[in-house]
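Treat the numbers as computed from the prediction; the structure is a model and nothing was measured. A note on names: the letters A, B, ... follow the listed sequences, proteins ahead of strands, and every chain is numbered from 1.
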Amino acid sequence: MAELRIYNSLTRQKEVFTPLVPGHVGMYVCGPTVSGESHLGHARPYITFDVVFRYLQTLGYKVRYVRNITDAGHFEEEGREATDKIAEKAKLEQLEPMELVHKYTRLFHWAMEQFNTLPPSVEPTATGHIVEQIGMIEQLIEAGYAYEVQGSVYFDVKKYAASHDYGKLSGRVIDELLTTTRELEGQEEKKDRTDFALWKAAAPEHIMRWQSPWGVGYPGWHIECSAMATKYLGKQFDIHGGGMDLLFPHHESEIAQSTICNHQTPVRYWMHNNMITINGRKMGKSYNNVIRLTELFSGTHPLLEKAYHPMTVRFFILQTHYSSTLDFSNEALQAAEKGLKRLWEAYQKLKKIDCAQKGASGNGSDEALTQTVNRLLGELHLFMNDDFSTAKVLANFFELVPIINAIYDGLTPTGALAASTLLHLQKEMTHWLETVLGLQGMEEGGHNKLEQVMNLLIDIRKEARGRKDFMTSDKIRDRLASVGIQLKDEKGGEMTWRID
RNA sequence: GGUCCUGUGGCCGAGUGGCUAGGCAGAGCUCUGCAAAAGCUCCUACAGCGGUUCGAAUCCGCUCGGGACCUCCA
């Protein structure tokens, strides 16, 4: 079995993945800030790392996947408004901060379920780990890399950079940062512009507040991930993931904090997914082009021509390598929708093929076809091992689609593939499509009664067709089509249906 | 301004120097009461200009275009 290779943002190259503890993998992924609804952009990292999580497990690793919930809110460091983001929004919506946080957490979980992502092993909240964060800040002060000013604590970047490589992850040069970082108001407290907050003193109107050795306040943004990653994964762990936009300053700062506290580099492999763009622009609050997931699933956004099924979105994302930007458009998503439908139909047909009946027992099989199938299947793990190339995995399955359809339709002679090959194909397709890529059918479940009604209609239509009563048969098909159920006449007089 | 990424056919997108990625759309044919689906076939591109090489979408340089980060951000 070839080795898994991962592109490490830290070293800027693909590296063979070797876990710290054989057989085990520790993975941390920066989770959402639940001060608002999740949007299309959020889908990318969580689906990407869901596949990483799934694939590592299929390789036999025992994976502890930690993904945090940022519910403490981050300080608007620009000094525009010295309030916690979450507290601010809560006032607008007349909600308690925790009420708001839970509302959006539930929505996030709901959306993740729609995407069929597996729940992480641990999903710690920032508010639930104030103690750990304070502990870490104390360590930093003790080590001399953090200082307190009027109830707030800052990380001393300049001092850290003197002995460590601050900027090794993001490629930033500290001297440049010193000159390019914008001069912002309300930052006189800091010794240096590049210093970042570990703890902020809370203004009186600030609702979210905790007691600390430095007075009442709330934690800075970067410390939560360091504290929780250390707590659940140890001082050093294997994989840290997140969006590319978090590279700097978030992940760079995480490295600095953890390196001082734990006396070692915290992360061995840094993975960063690229952004989803809309019309070539990154999706972001400041661009006013945010499509919320609820809007995406229901089609209620000015930019959307229609509603898109969560599986379409998942498939759309997996059709591109995670490190490339992915441009959203109705056309692209509709193409993905059709592609997935075609792929899934072939998969369903394959499941219905009776291997014993259609397959040859030994001789008489089509050697070339057998080899093609085996090659297409054999390549899959090579693709995944090559930095999770899900796009190539899907491409191979699309090459299998015509082969499957031809067997199902009887266009390929019975026995062209050995029964064992067919069985293998069935198993592999389930394994890769469902287990590794986490794809599902787009039809809704629980159509028991509908199915019976459909069987009745199909029976009636078959009888009508038998009498060449095409008026009745067309009426049934047309009326069904008008309510969104498509009836298809298969070869041999069978009929199948699907909900559009 | 600094750092970095990127430019592939009508659209979306893989691409490790040599052999058709794939999807969607479009065209034709087969099958078919009609339709849909399916099968087969076609459309075969790599921003521009140089360079390296027997050979480049793939390496190097320049030019032009797009984007990200430098500030909360997935």
task = For RNA chain B, just give me the dot-bracket, please: Watson-Crick or G-U, both distances below 3.5 Å, ( ) intra-strand, [ ] crossing earlier pairs, | paired with another strand, . unpaired.
result = (((((((..(((.....[...))).(((((.......)))))....(((((..]....))))))))))))....
Results of side chain to side chain contact (heavy atoms under 4.5 Å, CB included) for [X] - residues two or more places apart only:
X: E463(A); result: R467(A)
X: V436(A); result: Y55(A), T58(A), M384(A), H431(A), W432(A)
X: K14(A); result: R5(A), Y7(A), D386(A), D387(A)
X: R479(A); result: K475(A)

The criterion is ring-ring contact (aromatic ring centres under 6.0 Å, His included); which residues satisfy it with [X], sequence neighbours excluded?
X: F383(A); answer: none
X: H251(A); answer: H240(A), W270(A), H272(A)
X: F49(A); answer: none
X: Y160(A); answer: F155(A), H164(A)

request  = Send over the distance from I276(A) CD1 to C12(B) P, rounded to a whole Å.
outcome  = 15 Å
Contacting residues from residues 471-480 of chain A, given that a heavy atom lies under 4.0 angstrom of RNA chain B = S473(A), D474(A), R477(A)
Distances under 3.5 Å between protein N/O atoms and the N/O atoms of nucleotides 13-19 of chain B, please, pair by pair.
unit_1	atom_1	unit_2	atom_2	d
G13(B)	OP1	D327(A)	N	3.0
A14(B)	OP1	H321(A)	N	3.3
A14(B)	OP1	S324(A)	OG	3.2

For R281(A), all residues meeting salt bridge (Lys or Arg N to Asp or Glu O under 4.0 Å), sequence neighbours excluded = none
